[in-house]
Amino acid sequence: MGSRRKFIKKTSAFGLGAMVAPEFIAAMDHRSSQSKLKVGIIGVGLRGTAHLANLLLREDVEITALCDIDPFRIDLSKGMLKDAGKAAPKFFGKDEYDYRNLLEMEEVEAVIIATPWRWHVPMSVDSMKAGKYTGVEVSAATTLEGCWELVDAYEATGTQLMILENVNFRRDVMAVLNMVKNGVFGELVHFRCGYQHDLREVKFNNGLQPYGGGVEFGEKAISEAKWRTEYSVKYNADVYPTHGLGPVAVMADINRGNRFVSMSSFATKGIGLHNHIVNTGGKEHPNAKVVFKQGDVITTTTNTSRGEPIVITHDCNLPRPYSLGFRVQGANGIWEADGKRIYIEGISPEHQWEDSAAWLKKYDHPLWKKYGEFATGSGHGGMDFFVLNAFVESAKRKIAPPLDVYDAASWSAVTPLSAASIANNNQPQAFPDFTRGKWKERKPFPWMSDGYNR
Ligand SMILES: NC(=O)c1ccc[n+]([C@@H]2O[C@H](COP(=O)([O-])OP(=O)(O)OC[C@H]3O[C@@H](n4cnc5c(N)ncnc54)[C@H](O)[C@@H]3O)[C@@H](O)[C@H]2O)c1
């Protein structure tokens, strides 16, 4: 909160009210017609309101429409706009398809979709078809058909879609990307990553609070437990691959000179969610009878055309500390996020891990150097500021975002491919080439710049 206050105070110094640093002022000059990007948000649950809070801090954004089928979330958003001293936008949500009326609004140029996963593809496709610069939360799709629908809609309309993967903007991840680009690790060989997060209190609650307090899910629960837990009932799959895979896919130039070729997945037995219900709600609770299809730890190995396999772990049903388990390994050395350690041959003491702090500082990303102080209060340690900043700056300029539809499709495809592999005795699954061969020519995004003025 302290840093949030500092952010507002510091940015007010520019005489723009809430926002911000010189780039934003310069960026406004680059726009031909309007001075503010007109944004609509579909889904103002926990994530959507976090985005709303961050967008309300920006002087270069006007919230023109909000949509949610839950009147409580609409009321809460109304309060946020009022507190920020902003004009009331148009509100939608009379039924599940009312978002289409939001998409018809001329006063919406860009759309952020932060709804449950099953809505991501239809909403994104409709949004692209309506010509709105589209940002979709993670994962973008849960089926291969859905991944293709996203790609096809983009190619048919030319309207950009950005997957809003915030971990790509984490400070250590961006510093390591900087090291990769500067050849610190030499030729890359291997990556590890994953989503390792004890979600038991996210998957179950008491219908009154978003986290824990009971073991309900589905209709009797609220927030993510209302819709997310059913994926653990129905699918034995890595249902949330992008927080881990997104950052290493960028380091490995996936869809830009490299591509995923095939993958196999393995699932452990699943005991964590049942144990949680019994231990918390008692063995007589009706949910103690629910059979969860999902294994507790799902391990996927994805090979790439450059021969740099990526091991991805999904581990969300057992007690454990949070970790995305990053490892980046190349000809010259290795970095691991767990343990905050690094080894670079010829520089680190022989055969010994070094603390990575000095390396991360030395290779701090230019964007973090420029905006780190502003960003830190924005949520998830600052990365939420950067992911939205990338979206807004790209949308204002109508240029391709750093994380595009091909990234969205190929990272999200791990979900259906892991389900197919596990269901078929861990058989390797061929990875679709969502770029239809363009990966060979596509150049890496200019990640190391400190802005988006291209
Ligand atoms: N990047 C991150 O760090 C991060 C963090 C949390 C959630 N997420 C993602 O954000 C998305 C939303 O998650 P959440 O935690 O906000 O969930 P949530 O359940 O709190 O919010 C979802 C909202 O969507 C609304 N909604 C559902 N169907 C709708 C429809 N047809 N039209 C309009 N509104 C509709 C619901 O009423 C709800 O308010 C998910 O994809 C999730 O994976 C990402």
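Numbering of residues begins at 1 and proceeds along the displayed sequence. In what follows, every heavy atom counts, from backbone to side chain, and hydrogens, waters and symmetry copies are set aside.
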Tell me, do Ile112 and Leu164 make a side-chain contact under 4.5 Å, heavy atoms counted?
-> yes
In sequence, state the C-alpha distance, the side-chain angles, and the governing distance for Asn54 and Asp384, and then conclude on side chain to side chain donor-acceptor pair (under 3.5 Å).
-> CA-CA 8 Å; Asn54 283 320; Asp384 287 355; 4.8 Å; no
Which atom names give the shortest non-hydrogen contact between Asp172 and Ala337, and what distance separates them?
-> OD2-CB, 4.5 Å
Is there a donor-acceptor pair closer than 3.5 Å between any side-chain N or O of Asp95 and the backbone N or O of Asp98?
-> yes
With rounding to the nearest 0.5 Å, note down the distance linking CE in Met128 to OG1 in Thr134.
-> 5.5 Å
Distance only, no hydrogens: is a donor on one side chain within 3.5 Å (strictly under) of an acceptor on the other, for Asn317 and Lys203?
-> yes
Taking all atoms of both residues into account, what is the closest heavy-atom pair of Ala267 and Ile422, and its distance?
-> CB-CD1, 3.8 Å
Under the side chain to side chain donor-acceptor pair (under 3.5 Å) criterion, do His51 and Glu137 qualify, and how do the steps go?
-> CA-CA 10 Å; His51 286 318; Glu137 261 303 337; 2.7 Å; yes
Rounded to the nearest 0.5 Å, what's the gap from OG on Ser418 to CD on Gln429? Could you check?
-> 9.0 Å
For His120 and Arg118, test the side chains for any donor-to-acceptor distance below 3.5 angstrom and give the result as yes or no.
-> no
Going from OG on Ser348 to CH2 on Trp359, what distance comes out if it is rounded to the nearest 0.5 angstrom?
-> 6.0 Å
Could you tell me whether the side chain of Asn205 and the main chain of Pro210 form a donor-acceptor pair under 3.5 Å?
-> yes
Verdict with reasoning, Tyr363 to Trp335, per ring-ring contact (aromatic ring centres under 6.0 Å, His included) | CA-CA 13 Å; Tyr363 286 92; Trp335 166 70; over 10 Å; no
Contact summary for Leu161 and Leu150, nearest pair of heavy atoms = CD1-CD2, 4.4 Å
CZ (Arg306) and CZ (Arg259) are apart, to the nearest 0.5 Å, by 13.5 Å
Distance in Å, Glu109 CD paired with Lys38 NZ, rounded so as to fall on 0.5 Å steps | 5.5 Å
Any side-chain donor paired with an acceptor under 3.5 Å for His243 and Glu165?
-> yes
Between His276 and Glu201, does any side-chain donor sit less than 3.5 Å from a side-chain acceptor?
-> no
Can you tell me if OH on Tyr322 sees more than 12 non-hydrogen neighbours from other groups inside 6.0 Å?
-> yes
Quiz item: cation-pi between Lys78 and Phe91, 6.0 Å / 45° | yes
Residues in side-chain contact (heavy atoms from CB on, under 4.5 Å) with Thr435, at least two apart?
-> Asn255, Tyr406, Asp433, Lys438, Trp439, Arg442
Test Arg200 against every option in Leu273, Val215, Ile277 by the side chain to side chain contact (heavy atoms under 4.5 Å, CB included) rule and name the one that passes.
-> Leu273
Answer yes if the side chains of Glu107 and Thr64 hold a donor-acceptor pair under 3.5 Å, and no otherwise.
-> no
Interatomic distance, Gln160 atom CD to Phe391 atom CZ [nearest 0.5 angstrom] = 10.5 Å
More than 12 heavy atoms of other groups within 6.0 Å of Lys369 NZ | yes
Derivation of the side chain to side chain donor-acceptor pair (under 3.5 Å) call for Lys220 and Asn206 = CA-CA 8 Å; Lys220 289 187 176 166; Asn206 58 5; over 6 Å; no
Is atom CG of Asn425 surrounded by more than 12 heavy atoms (other residues, nucleotides or ligands) closer than 6.0 Å?
-> no
For the ring-ring contact (aromatic ring centres under 6.0 Å, His included) test, which of Trp368, Trp447, Phe386 pairs with Phe169?
-> Trp447
